[in-house]
Amino acid sequence: MEKVLIETYGCQMNFADSEVVGAILKTNNYALTDDIEQADFVLINTCAIRDNAEQRVRHRVRELKAQQNKRRQMRIGILGCMAERLQSQLMSEEENVSFVVGPDAYRQLPSILQQVRQGQKAAETELSQTETYADIEPVRLASNGISAYISIMRGCQNYCTYCVVPYTRGRERSRQPQTIVDEARKLWQQGYREVTLLGQNVNSYNCDNYDFPQLIEDVAAISPDLRVRFATSHPKDLSDKLLQAMAAHSNICRCIHLPVQSGSNHMLKAMNRHYTIEWYLERVDAIRKYIPDCSITTDVIAGFCGETLDDHQATLDLFRQVRYDYAYMFKYSMRPNTYAHRHMHDDVGEEEKTRRLNEIIKLQGEIALENNQKEIGREYEVLVEGVSHRNKSQLFGRNSQNKVIVFDKRDAIPGTYRRTIVESCTAATLIGKLAD
Ligand code: 5AD
Ligand code: SF4
């Protein structure tokens with residue numbers, strides 16, 4: 001049997017896709033391996049969202065040349081968003097790459113590997129209006145046996161002006177709900193205790209008028225001891241119906257990732273986000289009304305085209321107002337062929353972008369620490385996940401709000417729920433003890 005190693009970069013969606021790729025290859029008589037010395041094929045599942053994500057992959061590809069010189073039969077292929085964006089150009093730029101396969105073409109991998117084995121090169125990057133891989137049961141590559149991803153939809157057609165995803169992942173399509181609920185139930189029966197429903201914009205999930213609130217309620221109904229998470233929510237589509245569904249099921253986790261991107265209406269318009277800050281804050285109020293203990297997290301971009309100091313201040317003000325528990329913070333990175341690249345000017349200098357980003361990071365660090373300090377003394381049910389990376393005599397788990405809590409092991413077992421009391425904290429972690 002030939003052996004395949006899959007390396008994954010990028011978002012949760014990419015990790016879920018790698019699990020589909022693994023399943024397709026296994027059913028076609030390839031074995032999966034973690035050992036580069038054994039791999040006949042190395043598949044790199046890539047991200048194109050910022051230039052540094054692409055540079056990391058190119059660096060890795062070049063690093064693999066040494067392995068290829070040792071073992072001449074080893075072939076490298078690029079999957080995912082970078083494959084879709086660059087197509088066969090990538091093979092001329094990186095001569096040790098033998099094939100590129102886009103996100104909707106993974107069913108063709110077995111035949112592509114055959115071609116490549118015979119010394120040919122191959123590029124399959126056609127996008128699909130319908131492919132959801134619904135019938136493929138993913139191999140759980142990244143899994144701890146407790147928590148798993150379920151991809152519920154693919155693609156995106158919001159066309160935020162900075163973003164490459166609509167071009168790399170194609171049009172939005174929703175997977176048949178029954179296949180999703182069945183997958184979640186099977187995971188539950190196998191002992192999993194947490195599923196994360198994934199899509200670029202889960203709030204626009206729609207399959208013959210069956211919508212995301214219905215889907216999440218049906219998944220939550222599998223068992224009150226199955227935690228259900230989801231990502232990502234676009235603020236323009238976050239409905240009261242979803243918040244009501246969450247409020248009605250305590251096993252739908254109290255955490256909403258609500259990327260804001262900027263605190264300035266001027267920037268939101270330039271980004272084509274379809275909401276104003278007033279709308280966004282109203283949605284935040286609605287979350288806090290329906291689910292008072294819900295944590296809110298976000299994504300933000302510093303230094304988008306035309307961002308003034310006032311726009312940047314508006315982002316800092318927004319952060320002070322919402323007080324996020326966590327934020328993914330980025331410098332704007334111009335992506336070729338997006339609307340912003342074609343029609344706008346990337347006019348905030350690199351140094352100034354870094355300065356603004358660092359200002360946001362510093363503020364968010366203070367807010368996260370203050371938020372965590374308020375947790376001291378509170379009691380939470382934690383799903384125990386495993387041994388703490390820092391201290392082998394401690395375990396870690398997460399509460400419903402997705403905050404990590406570290407505590408002394410005692411008799412706790414990964415995969416079970418335990419009550420913990422928070423005793424201290426850092427900006428990133430709560431430190432507690434078992435309550436019983
Ligand atoms: N530059 C910087 N950040 C970006 N994101 C998307 N496109 C870009 C870009 N061109 C960020 C957004 C998005 C997250 C996944 O990545 O904040 O929500
Ligand atoms: Fe995920 Fe977007 Fe990166 Fe593609 S470009 S891997 S969709 S984050």
Side-chain angles (χ1 to χ4, degrees), residues 6-21 43-57 78-86 101-104 106 125 127 149 151 153-172 198-203 231-236 256-263 267-268 270-275 280 297-305 307 315 318-319 324 326-342 344 346 348 350 353-354 356-357 360-361 364:
I6 307 174
E7 283 182 13
T8 310
Y9 296 80
C11 63
Q12 294 167 316
M13 203 74 193
N14 255 19
F15 283 82
D17 278 3
S18 288
E19 299 186 337
V20 167
V21 167
L43 307 189
I44 309 182
N45 196 356
T46 60
C47 175
I49 199 126
R50 283 170 291 276
D51 186 58
N52 59 12
E54 293 203 1
Q55 294 314 323
R56 205 171 307 138
V57 168
I78 302 294
L79 315 184
C81 292
M82 215 176 141
E84 191 63 47
R85 192 178 87 70
L86 294 164
V101 187
D104 286 344
Y106 295 148
T125 51
L127 289 171
Y149 294 132
S151 155
M153 60 201 294
R154 302 181 68 80
C156 177
Q157 56 209 44
N158 289 317
Y159 291 96
C160 300
T161 53
Y162 50 79
C163 189
V164 75
V165 175
Y167 308 96
T168 62
R169 285 185 166 269
R171 294 195 67 77
E172 187 178 289
L198 290 181
Q200 250 74 37
N201 179 7
V202 291
N203 299 287
T232 291
S233 294
H234 194 302
K236 76 179 166 67
I256 297 183
H257 185 58
L258 202 62
V260 70
Q261 312 300 2
S262 168
M267 284 293 100
L268 292 175
M271 290 171 162
N272 194 34
R273 290 290 287 172
H274 296 286
Y275 56 84
Y280 185 90
T297 61
T298 203
D299 293 347
V300 70
I301 299 176
F304 183 59
C305 306
E307 189 187 70
T315 296
L318 178 87
F319 270 55
Y324 296 107
Y326 190 83
Y328 296 90
M329 299 163 277
F330 310 107
K331 273 192 280 190
Y332 173 57
S333 164
M334 196 276 293
R335 307 314 293 132
N337 298 322
T338 54
Y339 184 93
H341 172 236
R342 284 181 281 125
M344 299 162 102
D346 185 8
V348 181
E350 195 53 32
K353 279 183 190 167
T354 306
R356 293 183 193 180
L357 176 66
I360 303 172
I361 291 174
Q364 177 52 31

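Read the numbers this way: they start at 1 and go in the same order the structure lists the ligands and their atoms.
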Worksheet, complete the sentence: protein heavy-atom neighbour closest to atom 14 (C) of ligand 1 works out as Asp299 OD2, 3.4 Å

Discussion item. I need the nearest protein heavy-atom contact for atom 1 (N) of ligand 1: residue, atom name and distance, please.
Written reply: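 Looking only at protein heavy atoms, the one closest to atom 1 (N) of ligand 1 is Ser333 N, 3.0 Å.
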
Side chain, backbone, both or neither: the part of [X] lying under 4.0 Å from ligand 1 by heavy atom:
| X | answer |
| --- | --- |
| Met334 | neither |
| Ile49 | both |
| Tyr162 | both |

Worksheet item: Can you pull the salt bridge (Lys or Arg N to Asp or Glu O under 4.0 Å) pairs that have at least one residue in residues 154-165, sequence neighbours excluded?
Response: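 Sorted result for residues 154-165: Asp17-Arg154, Asp104-Arg154.
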
Item to complete: Mark up the atoms of ligand 1 that fall under 4.0 Å of a heavy atom belonging to Gln261, in ascending order.
Response: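 Reading through ligand 1 atom by atom, the close ones are 12 (C), 13 (C), 17 (O), 18 (O).
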
Worksheet entry | Distance filter under 4.0 Å to Lys331 heavy atoms, resulting ligand 1 atoms |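 Answer for ligand 1: 1 (N), 2 (C).
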
Item to complete: Provide the closest heavy-atom pair for Glu84 versus Gly102 in the form atom of the first, atom of the second, distance.
Response: OE1-CA, 3.3 Å

Worksheet entry | Shortest non-hydrogen contact between Glu307 and Gly303, atoms and distance |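 Heavy atoms only, the tightest pair is OE1-N, 3.0 Å.
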
Worksheet item: Taking atom 4 (Fe) of ligand 2 as the center, what protein N, O or S atoms are found at less than 2.8 Å?
Response: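 The answer is Cys81 SG.
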
Item to complete: Run the contact test for Gln12 against ligand 2 with a 4.0 Å cut-off on heavy atoms, strictly below, and give the result.
Response: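 Not so, Gln12 does not reach ligand 2.
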
Worksheet item: Testing Phe330, Tyr339, Tyr332 for ring-ring contact (aromatic ring centres under 6.0 Å, His included) with Phe304, which one passes?
Response: Tyr332

Fill in: Residue pair Lys331, Asn52: steps toward the side chain to side chain donor-acceptor pair (under 3.5 Å) verdict
CA-CA 10 Å; Lys331 273 192 280 190; Asn52 59 12; over 6 Å; no

Worksheet entry | Tyr326: side chain to side chain donor-acceptor pair (under 3.5 Å) partners, not counting sequence neighbours | none

Discussion item. Would you say that more than 12 heavy atoms from the other residues, nucleotides or ligands in this model lie under 6.0 Å from the OH of Tyr159, or not?
Written reply: yes

Item to complete: Would you check, one step at a time, whether the test side chain to side chain donor-acceptor pair (under 3.5 Å) holds for His257 with Asp299?
Response: CA-CA 8 Å; His257 185 58; Asp299 293 347; 2.9 Å; yes

Fill in: Atom indices of ligand 2 within 4.0 angstrom of Gln200 heavy atoms, with elements
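Near Gln200, meaning under 4.0 Å from one of its heavy atoms, ligand 2 has 7 (S).
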
Worksheet item: Just wondering, do Arg273 and Met267 contact through their side chains at under 4.5 Å, heavy atoms?
Response: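 Sidechains of Arg273 and Met267: no contact.
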
Practice prompt. Would you tell me which option among Met13, Lys353, Arg50 has the nearest heavy-atom contact to atom 4 (C) of ligand 1?
Written response: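 Among Met13, Lys353, Arg50, the closest heavy atom to atom 4 (C) of ligand 1 belongs to Arg50.
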
Discussion item. Can you list everything that forms a ring-ring contact (aromatic ring centres under 6.0 Å, His included) with Tyr9? Sequence neighbours excluded, please.
Written reply: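 Scan of Tyr9 (ring-ring contact (aromatic ring centres under 6.0 Å, His included), adjacent residues dropped) gives none.
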
Worksheet item: Ser233 and Asn203: side chain to side chain donor-acceptor pair (under 3.5 Å), yes or no, with the steps?
Response: CA-CA 6 Å; Ser233 294; Asn203 299 287; 3.0 Å; yes

